[in-house]
J.: 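Starting off with a structure, shown below.
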Amino acid sequence: LTGTVDLTGTLPTELGNCDLNIFLAYENSFNGSIPDSLYSNTDLAALRLENNQLTGTVDSKIGSLLDLEDLRISNNHFSGPLPHSISSLTKLRNFLLRNNDFT
């Protein structure tokens with residue numbers, strides 16, 4: 001996916017079956033949570049999900065994305081605490097999470 005294409009629904013669980021380096025699904029109308037399968041894309045360098053209607057928590061499995069440089073999840077409805085595993089993402093350059101319901 002590449003950015004704004006006005007998509008709706010949930011993010012597909014089949015994302016784990018892909019060999020993704022970049023996943024851009026920002027400025028759409030996705031809802032639901034980030035599927036656990038997405039975290040199996042360990043070569044992921046960019047994950048942009050900002051400006052959707054996503055909910056739930058950010059799973060601690062995000063710490064397995066060691067090549068992640070760009071993580072943008074702003075303007076959604078994520079809640080709960082951020083997992084400590086985010087501190088494992090030492091290549092992270094862009095990290096935007098404002099306008100959510102994190103505790």
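Along the sequence shown, residues are numbered consecutively beginning with 1.
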J.: Less than 4.5 Å apart, side chain to side chain, heavy atoms only: is that true for Leu97 and Phe78?
T.: no
J.: Considering only heavy atoms from C-beta outward, does the side chain of Ile62 approach that of Ile86 to under 4.5 Å?
T.: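 SC-SC contact between Ile62 and Ile86 confirmed.
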J.: Taking all heavy atoms of Leu65 and all of Tyr39, pick out the closest pair and write down the distance.
T.: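 Shortest heavy-atom separation between Leu65 and Tyr39 comes out as CD2-O, 3.5 Å.
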J.: Roughly how far, to the nearest 0.5 Å, is CZ of Phe95 from CD1 of Ile73?
T.: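 One gets 6.0 Å once the value is rounded to the nearest 0.5 Å.
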J.: Which pair of heavy atoms, one from Ser60 and one from Ser85, lies closest together, and at what distance?
T.: O-OG, 2.6 Å
J.: Any side-chain to backbone donor/acceptor pair from Asn76 onto Ser74? Under 3.5 Å, distance only.
T.: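 Pair found, side chain donor or acceptor close to backbone of Ser74.
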J.: Do the side chains of Asn21 and Asp67 get nearer than 4.5 Å, heavy atoms only?
T.: no
J.: First locate atom CG of Asp101, then atom OG1 of Thr57, and finally report the distance between them rounded to the nearest 0.5 Å.
T.: 12.5 Å
J.: Rounded at 0.5 Å granularity, tell me how far CD in Glu50 sits from CG in Leu24.
T.: 8.5 Å
J.: For Leu66 and Lys91, work out which heavy atoms get closest and say how close.
T.: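 Looking at all heavy atoms of both residues, the shortest contact is O-CD, 3.6 Å.
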J.: Please examine the side chains of Tyr26 and Asn51, heavy atoms only from C-beta on, and report whether any two atoms are closer than 4.5 Å.
T.: no
J.: Does any non-hydrogen side-chain atom of Leu49 lie less than 4.5 Å from one of Phe23?
T.: yes
J.: Distance-only, no hydrogens or angles: does the Ser37 side chain make a donor-acceptor pair with backbone N or O of Thr13 under 3.5 Å?
T.: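 Side chain of Ser37 to backbone of Thr13: a pair is present.
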J.: Leu11 vs Leu54, test: side-chain contact (heavy atoms from CB on, under 4.5 Å). Steps then yes/no.
T.: CA-CA 9 Å; Leu11 293 171; Leu54 295 169; 4.2 Å; yes
J.: In this structure, which one of Glu69, Arg48, Arg72 forms a side-chain contact (heavy atoms from CB on, under 4.5 Å) with Asn94?
T.: Arg72
J.: Of all the heavy-atom pairs spanning Asp43 and Asp19, show the shortest one and how long it is.
T.: OD2-OD1, 4.0 Å
J.: Of all the heavy-atom pairs spanning Gly63 and Ser88, show the shortest one and how long it is.
T.: O-CB, 3.9 Å
J.: Is there a side-chain contact between Leu96 and Leu71, using heavy atoms and a 4.5 Å cut-off?
T.: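 Not in contact.
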J.: Under a 3.5 Å distance rule, please check whether Asn41 uses its side chain to pair with a backbone N or O of Leu15 as donor and acceptor.
T.: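 At least one qualifying donor-acceptor pair exists.
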J.: To the nearest 0.5 Å, how far apart are CG in Leu82 and OG in Ser87?
T.: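 Leu82 CG to Ser87 OG: 11.0 Å, rounded to 0.5 Å.
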J.: Quick one: list whatever passes side chain to side chain donor-acceptor pair (under 3.5 Å) with Asn99, sequence neighbours left out.
T.: Asn75
J.: Calculate, to the nearest 0.5 Å, the distance between atoms CG and NE2 belonging to Asn31 and His77 respectively.
T.: 9.5 Å
J.: Keeping Asn52 on the side-chain end and Ala25 on the backbone end, is there a donor-acceptor pair under 3.5 Å?
T.: yes
J.: What pair of heavy atoms forms the shortest contact from Thr103 to Pro81, and how long is it?
T.: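 Distance-wise, the nearest heavy atoms are OG1-N, 3.3 Å.
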J.: How many angstroms lie between atom CG of Leu38 and atom CG of Leu20, to the nearest 0.5 angstrom?
T.: 7.0 Å
J.: Are Pro83 and Asp59 packed together at the side-chain level, in the sense that at least one heavy-atom pair is separated by less than 4.5 angstrom?
T.: no
